[in-house]
Q: 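Attaching a single structure in structure tokens format; questions to follow.
Numbers here are sequence positions counted from 1. None of these values were measured; they are calculated from a predicted model. Side chains included, hydrogens not; waters and symmetry mates left out as well; all remaining heavy atoms used.
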Amino acid sequence: MAAPGPGEYFSVGSHISCLTCLGQRLQGEVVAFDYQSKMLTLKCDPSSRKPTLHDVILINLAYVSEVDIINDRTETPPLASLNVSKLANRARSEKEDKLSQAYAISAGVSVEGQHLFQTIHKTIKDCKWQEKNIMVMDDVVISPPYQADNCKGKEGSALSHVRKIVEKHFRDLESQKQRSQAQQTQKDSTLSS
């Protein structure tokens, strides 16, 4: 395949303006360009008007009628460095979470138990399954049906804290059910009118 000719490619960091087939004028900085698919990624001023944010727009050049290069950048800007160890830790953590969910499903844990586990895990990362029981900080065990009364462990702040999380979880579920029922009742009364 021949190298792209002038005007057939865009350098990262260049500023361009283009007119879409819908008559919309877009202007921004080139973030990426794929010559094969003729896809262009632009970083534009934010539609939210927040100065710390940018809109990122993907443009299929097949649907663009006009392209103007405002400021061509010949040298490639330095790429941002990636924290590889942080990414690896996040990937490992996500994998552990997914394996934990898979274990709970294969062990026959109820949906309520799985939801409670996820709620606790958001607050306390030291949380794992022990058969159908939830083990929190190796101090508190929550057994089915996973209510506050099913929290067992040495009396103290850990047990008290876990019970509060469990109680709040079920209060929140109850209020969600009530809101859902109220919305359904409102829809039913609107439809019957």
Q: Between CD of Gln101 and OG of Ser106, what distance do you get to the nearest 0.5 Å?
A: 12.0 Å
Q: If you define the side chain from C-beta out and look only at heavy atoms, does anything of Gln184 sit under 4.5 Å from Gln181?
A: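 A side-chain contact is absent here, since even the closest heavy-atom pair is not under 4.5 Å.
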Q: If you measure from OG on Ser93 to NZ on Lys98, what distance do you get to the nearest 0.5 Å?
A: 10.5 Å
Q: Could you grab the distance from atom CG of Leu116 to atom CD1 of Ile142, nearest 0.5 Å is fine?
A: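 Atom-to-atom, Leu116:CG and Ile142:CD1 are 5.0 Å apart.
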Q: Quick check against the 3.5 Å criterion: does Gln114 have a side-chain atom that pairs as donor or acceptor with the backbone of Val109?
A: yes
Q: Mind checking the CD1-CH2 spacing from Ile105 to Trp129? Nearest 0.5 Å is all I need.
A: 10.0 Å
Q: Salt bridge check: are Glu96 and Lys125 linked by an N-O gap of less than 4.0 Å?
A: no
Q: Using a 4.5 Å cut-off on heavy atoms from C-beta on, say whether the side chain of Arg171 contacts that of Lys168.
A: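 Yes, their side chains come closer than 4.5 Å.
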Q: Using 30° and 60° as the class boundaries, would you call the ring planes of Tyr35 and Phe33 parallel, tilted or perpendicular?
A: perpendicular
Q: Regarding Ser14 and Asp72, do their side chains bring together a donor and an acceptor under 3.5 Å, going by distance alone?
A: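 On atom types as modelled, these side chains qualify, holding a pair under 3.5 Å.
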Q: State the CG-NZ distance between Leu159 and Lys154, to the nearest 0.5 angstrom.
A: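 Leu159 CG to Lys154 NZ: 11.0 Å, rounded to 0.5 Å.
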Q: Using modelled atom types and a 3.5 Å cut-off, is there a donor and acceptor pairing between side-chain atoms of Asn150 and backbone atoms of Gln147?
A: yes
Q: State, without any angle test, whether Asp34 and Ser37 hold a side-chain donor-acceptor pair at a distance under 3.5 Å.
A: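 Yes.
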Q: Identify whether the distance between the nearest side-chain nitrogen and carboxylate oxygen of Asp149 and Arg163 falls below 4.0 Å.
A: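 Looking at Asp149 and Arg163, the cut-off is not met.
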Q: Quick one: does any side-chain atom of Asp68 pair with a main-chain N or O of Ser17 as donor and acceptor, under 3.5 Å?
A: no
Q: Hey, does Leu61 have a side-chain heavy atom less than 4.5 Å from the side chain of Phe10?
A: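 Yes; the side chains approach each other to less than 4.5 Å.
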Q: Without hydrogens or angle criteria, can the side chains of Ser143 and Asn133 be said to hold a donor-acceptor pair below 3.5 Å?
A: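 On atom types as modelled, these side chains do not qualify, holding no pair under 3.5 Å.
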Q: Ignoring hydrogens and angles, tell me if any N or O in the side chain of Ser180 forms a donor-acceptor pair with the backbone of Gln176 under 3.5 Å.
A: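 Not a single qualifying donor-acceptor pair exists.
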Q: What closest approach, in Å, do Gln27 and Cys44 show between heavy atoms, and which atom pair accounts for it?
A: O-SG, 3.3 Å
Q: As a test of understanding, state which of Leu42, Ile57, Val56, Thr41 forms a side-chain contact (heavy atoms from CB on, under 4.5 Å) with Val31.
A: Thr41
Q: Mind running side chain to side chain contact (heavy atoms under 4.5 Å, CB included) on Leu58 and Leu40 for me, showing each step along the way?
A: CA-CA 6 Å; Leu58 296 174; Leu40 179 67; over 6 Å; no
Q: Among Val166, Val140, Ile124, find the one that has a side-chain contact (heavy atoms from CB on, under 4.5 Å) with His161.
A: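 Going through Val166, Val140, Ile124 one by one, the side-chain contact (heavy atoms from CB on, under 4.5 Å) with His161 is satisfied by Ile124 alone.
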Q: Which value, rounded to the nearest 0.5 Å, describes the distance between Gln24 atom CD and Ile59 atom CD1?
A: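 The CD1 atom of Ile59 is 8.5 Å from CD of Gln24, to the nearest 0.5 Å.
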Q: Could you check whether any side-chain heavy atom of Phe117 comes within less than 4.5 Å of a side-chain heavy atom of Lys122, counting everything from C-beta outward?
A: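 Of all side-chain heavy-atom pairs linking Lys122 with Phe117, none is under 4.5 Å.
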Q: Verify the neighbour count for atom OH of Tyr63: are there more than 12 heavy atoms of other residues, nucleotides or ligands below 6.0 Å?
A: no
